Asker: 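Would you mind keeping the following structure in view while I ask a few things?
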Amino acid sequence: ARINLYMFTATTSGQYIKIIDATTGSTKRTIKFAGEITQGPVVGPDEMSITVRVNPSISYVLVYSMPHGSLKRRIRV
């Protein structure tokens, strides 16, 4: 049986996250988020999270699916 193993990483620039195929280096998805990133990205096998500050008193953890980049959860912290 053949097993397909995909590895992805992420990088940030301004208000954008790029999901990158770690094997080929190609960009799979670009995500725009609101606010200023304060932590992350933290990349796991099927999820990626970042913490963003949208104003001085409100921050969120944003959890995205990997590698598709759809927003799965937004948690106020």
Side-chain angles (χ1 to χ4, degrees):
R2 182 182 164 114
I3 298 173
N4 289 326
L5 180 61
Y6 297 101
M7 295 176 54
F8 296 93
T9 188
T11 184
T12 61
S13 176
Q15 290 185 304
Y16 293 91
I17 304 169
K18 287 184 180 180
I19 298 174
I20 300 168
D21 183 318
T23 305
T24 66
S26 65
T27 299
K28 291 299 186 185
R29 187 85 60 225
T30 300
I31 304 165
K32 183 174 176 32
F33 58 89
E36 174 189 355
I37 193 163
T38 58
Q39 184 177 353
V42 177
V43 180
D46 59 355
E47 291 184 339
M48 169 191 59
S49 66
I50 60 169
T51 303
V52 295
R53 180 181 303 120
V54 293
N55 70 44
S57 62
I58 299 175
S59 292
Y60 293 100
V61 174
L62 304 176
V63 180
Y64 296 92
S65 68
M66 289 295 277
H68 308 293
S70 59
L71 182 64
K72 293 173 73 174
R73 290 186 298 282
R74 183 177 81 158
I75 305 155
R76 187 171 175 176
V77 291

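Scope of the values below: all heavy atoms of this structure, side chains included, with no hydrogens, waters or symmetry mates. This is a predicted model, so every value here is computed, not measured.
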Asker: Could I get the full list of side-chain contact (heavy atoms from CB on, under 4.5 Å) partners for Asp46, not counting sequence neighbours?
Answerer: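 For Asp46, no residue satisfies side-chain contact (heavy atoms from CB on, under 4.5 Å) once neighbours in sequence are set aside.
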
Asker: Listed by chain and number, what are the side-chain contact (heavy atoms from CB on, under 4.5 Å) partners of Thr24, not counting sequence neighbours?
Answerer: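 Per chain and number, Thr24 pairs via side-chain contact (heavy atoms from CB on, under 4.5 Å) with Asp21, Ser26.
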
Asker: What distance do Lys72 atom NZ and Ser49 atom OG have between them, rounded to the nearest 0.5 Å?
Answerer: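 Rounded to the nearest 0.5 Å, the NZ-OG separation comes out at 11.0 Å.
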
Asker: I'd like to know if Met48 and Leu71 are part of one continuous hydrophobic network [Ile/Leu/Val/Met/Phe/Trp/Tyr, side-chain heavy atoms within less than 4.5 Å].
Answerer: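 Result: yes, single cluster for both.
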
Asker: Thr9: which residues meet the side chain to side chain donor-acceptor pair (under 3.5 Å) condition with it, sequence neighbours left out?
Answerer: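 Per chain and number, Thr9 pairs via side chain to side chain donor-acceptor pair (under 3.5 Å) with no residue.
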
Asker: Which donor-acceptor pairs under 3.5 Å do side chains of residues 57-69 form with protein atoms, sequence neighbours excluded?
Answerer:
unit_1 : atom_1 : unit_2 : atom_2 : d
Ser57  : OG     : Asn55  : OD1    : 3.1
Ser65  : OG     : Ser70  : N      : 3.3
Ser65  : OG     : Ser70  : OG     : 2.9

Asker: So which heavy atom on Ala10 is nearest to which on Ile17, and how close?
Answerer: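 Taking Ala10 first and Ile17 second, the nearest heavy atoms are CB-CG2, 4.0 Å.
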
Asker: Applying salt bridge (Lys or Arg N to Asp or Glu O under 4.0 Å), name anything that partners Arg73, two or more places apart in sequence or on another chain.
Answerer: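 With neighbours one apart ignored, the set is Glu47.
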
Asker: How far does OG1 of Thr11 sit from NZ of Lys18, to the nearest 0.5 angstrom?
Answerer: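 Between Thr11 OG1 and Lys18 NZ, I get 7.5 Å after rounding to 0.5 Å.
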
Asker: Treating Ile, Leu, Val, Met, Phe, Trp and Tyr as nodes and any side-chain heavy-atom pair under 4.5 angstrom as an edge, say whether Ile31 and Val54 lie in one connected cluster.
Answerer: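 Same cluster: Ile31 reaches Val54 through Ile, Leu, Val, Met, Phe, Trp or Tyr contacts under 4.5 Å.
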
Asker: If you look at every heavy atom in Pro41 and Thr12, which pair is closest and at what distance?
Answerer: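 That would be CD-CG2, 3.7 Å.
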
Asker: For Ile50 and Phe33, run side chain to side chain contact (heavy atoms under 4.5 Å, CB included): C-alpha distance rounded to whole Å, both residues' side-chain angles, the deciding distance at 0.1 Å, then the answer.
Answerer: CA-CA 10 Å; Ile50 60 169; Phe33 58 89; 3.9 Å; yes

